[in-house]
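Everything on this sheet refers to the single structure shown next.
Computed from a predicted structure; not experimentally measured.
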There are 2 protein chains.
Amino acid sequence: MRSVYRRVELLRVIAHPIRIRILEELTKGVKCVSDLEKFLDISQPNVSQHLAILRQYGVIDYYMDGRLRCYFLKDPIIPDILEILKKDYIEELPAPACCPVTKKGKYPGRR
Amino acid sequence: MRSVYRRVELLRVIAHPIRIRILEELTKGVKCVSDLEKFLDISQPNVSQHLAILRQYGVIDYYMDGRLRCYFLKDPIIPDILEILKKDYIEELPAPACCPVTKKGKYPGRR
DNA sequence: ATGTGATATTCAAATATAATAATATTTGCA
DNA sequence: TGCAAATATTATTATATTTGAATATCACAT
């Protein structure tokens, strides 16, 4: 069982609007830098910077096709996370049984 | 279907080692600030700051029990994310069929 | 070998985030 | 009413992240 805390780093890397868009795009298939550049509508160096970060943490990788760098998803956690982010949660979690009551002795395991 | 990008903000909020620990602890049940303070072994104001951030984004909420603020999980996405973070992924994603080949015409949907 | 297209790297400036220290607020109780 | 426990808020400082601009690299074609 992998430590959750080693994965927090991964979350930080994913938790950026541009990088999430890159990852979503890559779930659809291989993309080269200039395609991502058009899709994201940001500067080429900035695309490369984000790709470098994602690659540095093992989230993505690439292969060469001529002079194109073809990036693809590598970390299998990504599709799972993206799926959860898309999921529609309508209900909040059930509040603890004691919740609405503001009296003593209602905090389980204390007092 | 909720927008992924509204959720990126949520990811950013979660993607912090202390806040992840708080959330993990809260999956086990209601906790008050001083209990979290002991558990996390950081200053009380810092605990409150992290709790404030989590609450601000609707991730957690609290009820009062005497002078205790009893915090609990509110956003139902949290247990799902924590579960995925704990999951043990052994295999990388299958590389694209063209991957090892470094020749022209291997980038699907291009050239 | 040289030029060009595709992409990466580096640096600096702007901005955001985190932790610490100090102080304030709130609540129950004597 | 006034004190103390529990918690929140604010300001400050330190650090990290993001972006843009400029430049460098690398691979192929000529």
side-chain N/O A/S34 vs C/dT7 OP1/OP2, d < 4.0 Å: yes
First of B/R19 and A/A52 reached from the 5' end of DNA chain C, by closest nucleotide: A/A52
First of A/I42 and B/L51 reached from the 5' end of DNA chain D, by closest nucleotide: B/L51
Whole-Å distance separating the CD1 atom of A/I14 from the P atom of D/dT18: 13 Å
Gap separating the CG atom of A/L51 from the CZ atom of A/R19, nearest 0.5 angstrom: 10.5 Å
A/K38: which of A/L40, A/D35, A/I42, A/L36 passes side chain to side chain contact (heavy atoms under 4.5 Å, CB included): A/D35
Nearest-Å distance for atom pair CD/P, residues A/E37 and C/dA8: 11 Å
From CA spacing to verdict: side-chain contact (heavy atoms from CB on, under 4.5 Å), B/V47, B/E37: CA-CA 6 Å; B/V47 177; B/E37 180 185 351; 4.1 Å; yes
Neighbour count above 12 (heavy atom, 6.0 Å) for A/Q44 CD: yes
Axis-to-axis angle between the two ends of the helix from C/dA1-D/dT30 to C/dA30-D/dT1 (five base pairs per end, rounded to 10 degrees): 10°
Protein-nucleotide distance (B/H16, atom NE2; D/dT17, atom C1'), rounded to Å: 14 Å
B/R12/B/E9 under salt bridge (charged side-chain N to carboxylate O under 4.0 Å, His left out): CA gap, chis, key distance, verdict: CA-CA 5 Å; B/R12 229 187 46 234; B/E9 213 174 38; 5.0 Å; no
Lys/Arg-Asp/Glu bridge criterion (N-O < 4.0 Å) met for A/E24, A/R21: no
Out of D/dT7, C/dT7, D/dT18, whichever nucleotide has its closest atom nearest the side chain of B/L68: D/dT7
Between D/dA21 (P) and A/Q44 (CD): distance, integer Å: 13 Å
Pair of N/O donor and acceptor under 3.5 Å linking C/dT10 base with A/Q49 side chain: yes
Separation of D/dA8 P from B/R67 CZ (nearest whole Å): 15 Å
OP1 or OP2 of C/dA6 under 4.0 Å from side-chain N/O of A/Y71: no
Nearest-angstrom distance from the residue atom CG of B/L36 to P of D/dA6: 14 Å
Distance, rounded to the nearest Å, where A/H50 contributes NE2 and D/dT18 contributes C1': 7 Å
Exercise: do B/D80 and A/Y89 side chains pair donor with acceptor under 3.5 Å: yes
A/S43, nearest nucleotide to its side chain (from D/dT19, D/dA8, D/dG20): D/dG20
Length of the line joining B/L11:CG and D/dT17:P, which is rounded to integer Å: 16 Å
Along DNA chain C (nearest heavy atom to each residue), the more 5'-positioned of B/N46 and A/R69: A/R69
Sugar-phosphate, base or nothing in reach of B/R12, heavy atoms under 4.0 Å: sugar-phosphate
